[in-house]
Amino acid sequence: MTRPNLLSFAILLAILFTTLTAVAYSQAPTAKEIDGVYADAHALYLDLHQNPELSSHETRTAEKLATRLRTAGYDVTEHVGGTGVVAVLKNGTGPTILLRTELDALPVEEKTGLPYASKVHAKDDSGRDVPVMHACGHDLHMASVLGAAEIMARSKPSWHGTLVLIGQPAEETISGADAMLHDGLFIRFPKPDVAVALHVGNALPAGMASITPGIYNTNADSLRITIYGKGGHGSMPQSTVDPIVIAARTILSLQTIVSREIKPGEMGVVTVGYIHAGLKNNIIPDEAVLGLTVRTYKQDVRKQILAAITRVAKAESASGNAPREPLIEHLEGTNAVYNNPALAERLRGPLEAALGKKNVITEEPIAPSEDFSYFIEQGVPGFYFSLGGADPEKFAEAKNAGTTLPSNHSPFFAPDVDPALHAGIAAEVAVLRNLFTASSEELHKLTAPPAD
């Protein structure tokens with residue numbers, strides 16, 4: 001290429017970059033737009049935080065969100081897959097984009113000391129009285145979606161297509177997305193060309209976001225292992241088969257699966273989260289029950305670990321002379337969330353425009369899991385990103401001290417609401433407006449797997 005041609009090519013690239021940057025910035029909501037919806041979104045956040053509901057019991061939460069979205073001009077359907085909410089806004093010819101939030105809270109006693117802290121107690125599915133808290137930020141997710149929904153409804157001349165908003169129940173039990181799909185989510189309502197969601201946490205300061213192209217989080221499997229013994233008097237163990245001793249050996253042996261059977265460097269976690277056995281100190285019970293969570297990135301590693309858990313549990317029971325093999329139940333599971341790489345890179349620009357270039361970073365996959373993957377597995381390209389929730393000053397102090405702030409699911413977890421909620425609304429609107437600039441055909445071409 002000659003020097004004049006090189007110069008012309010460089011000028012063309014500069015013009016293209018400037019144009020794309022200008023387009024991205026035009027898609028970011030203005031401060032006036034966010035201010036116009038922030039009071040509603042913040043009020044919903046406070047209401048939901050003080051009135052959390054457990055998975056599959058989010059009746060009040062769903063009603064609150066549905067009412068707000070209906071008032072904003074959306075066609076709203078309730079009780080989809082249980083307590084799920086679907087809101088549709090049709091605005092001419094264009095792609096169909098799904099934006100999802102979760103409805104449920106956790107059985108956690110809030111210890112944040114906030115003036116609006118939850119004091120709610122409820123009966124769980126086993127009938128136990130448990131405290132309830134939005135310890136995973138779903139209240140902020142819902143408030144962000146409401147703010148974004150109101151801005152999109154008020155700025156219809158700036159975009160064209162169909163916006164589908166989902167309030168999904170039972171994310172914490174990784175069952176709500178599947179329930180909505182089985183209730184005809186993508187049959188009764190427009191099937192999206194792209195699905196979008198976010199998650200807030202204290203791993204980043206409020207006002208920042210991170211993108212993870214490819215695998216975003218882990219496969220998750222929940223298991224329950226019932227170990228059988230022969231009960232009797234605690235003073236005469238020779239006449240019994242002690243399931244607690246077998247359980248203790250099983251717990252320790254399970255930890256060797258990742259450390260000794262999985263290739264070093266591969267992601268694998270086997271955690272025993274509970275052990276239930278016995279009622280009195282001098283009685284050896286008939287059985288002991290273990291609750292496990294298993295996390296992996298790769299399907300072959302997942303299969304290997306699950307098979308090893310079965311082998312180890314059976315072997316330890318046989319070694320302990322148990323009267324029968326343990327019962328191993330797979331209670332729930334979900335695949336890893338996968339971010340379409342081309343989609344993730346496309347949406348980096350609008351996120352940078354909304355939050356600032358230095359406030360959007362790329363991060364490695366994380367260990368927690370969730371069921372947004374069910375939507376992606378229906379052939380819908382997905383984009384799931386992380387939103388910072390930490391007070392910036394406290395985040396900096398913790399980093400300097402070599403400590404970390406309370407994580408999701410902690411009784412002390414509390415996002416710094418005002419910056420985080422502003423950022424969540426801005427990010428979602430910018431992403432939606434960017435996607436609505438493309439046609440369905442363009443999005444399909446962008447997200448199609450590479451040809452062999």
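- Here the CD1 atom belonging to Ile97 is positioned 13.0 Å from the CG atom belonging to Leu89, to the nearest 0.5 angstrom.
- The shortest heavy-atom contact between Glu110 and His49 is OE2-NE2, 2.9 Å.
- Ring geometry, Phe372 versus Phe375: the interplanar angle exceeds 60°, so the pair is classed perpendicular (tilted spans 30 to 60°).
- Note that the CG atom of Asp221 and the OG atom of Ser369 stand 8.5 Å from one another [nearest 0.5 Å].
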Intermediate values then yes/no, side chain to side chain donor-acceptor pair (under 3.5 Å), Ser386 and Tyr216: CA-CA 10 Å; Ser386 295; Tyr216 171 81; 2.7 Å; yes
I would like to know whether His57 and Asp124 meet side chain to side chain donor-acceptor pair (under 3.5 Å); could you show each step before the answer? CA-CA 9 Å; His57 300 278; Asp124 67 9; over 6 Å; no
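- Salt-bridge check for Lys263 with Asp300: failed, with every basic side-chain N at 4.0 Å or more from each acidic carboxylate O.
- Between Ser317 and Ile227 the shortest heavy-atom distance is OG-CG2, 3.9 Å.
- In terms of heavy-atom proximity, Tyr297 sits nearest to Thr218 at CE2-CG2, 3.3 Å.
- In this structure, a donor-acceptor pair under 3.5 Å is absent between the side chains of Glu370 and Asn217.
- Considering all non-hydrogen atoms of both residues, Ala72 and Glu150 come closest at CB-CG, 4.0 Å.
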Salt bridge (charged side-chain N to carboxylate O under 4.0 Å, His left out), that's the test. Do Arg311 and Glu261 meet it? Break it down for me. CA-CA 12 Å; Arg311 186 193 74 237; Glu261 298 188 36; 2.5 Å; yes
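- Annotation: Lys303, atom NZ; neighbour count of heavy atoms from other residues, nucleotides and ligands within 6.0 Å does not exceed 12.
- Between Lys399 atom NZ and Leu405 atom CG the span is 12.0 Å, to the nearest 0.5 Å.
- A salt bridge is absent between Asp75 and Lys90: the closest approach of a Lys/Arg side-chain nitrogen to an acidic carboxylate oxygen does not fall below 4.0 angstrom.
- For the residue pair Ser55 and Asp104, the shortest heavy atom distance occurs at OG-OD2, 2.7 Å.
- Salt-bridge check for Asp47 with Lys64: passed, with a basic side-chain N closer than 4.0 Å to an acidic carboxylate O.
- Remark: Arg348 engages Glu345 in a salt bridge, criterion side-chain N to carboxylate O under 4.0 Å.
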How far apart are the C-alpha atoms of Arg100 and Asp371, what are their side-chain angles, what is the distance that settles it, and do they pass the salt bridge (charged side-chain N to carboxylate O under 4.0 Å, His left out) test? CA-CA 11 Å; Arg100 172 269 211 169; Asp371 62 355; 3.2 Å; yes
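- Under 4.0 Å is where a charged nitrogen must lie from a carboxylate oxygen, and between Arg70 and Glu78 at least one such pair does.
- When all heavy atoms are compared, the tightest approach of Ala87 to Tyr74 is CB-CB, 3.8 Å.
- For the residue pair Ser144 and Glu428, no side-chain donor N or O sits within less than 3.5 Å of a side-chain acceptor on the partner.
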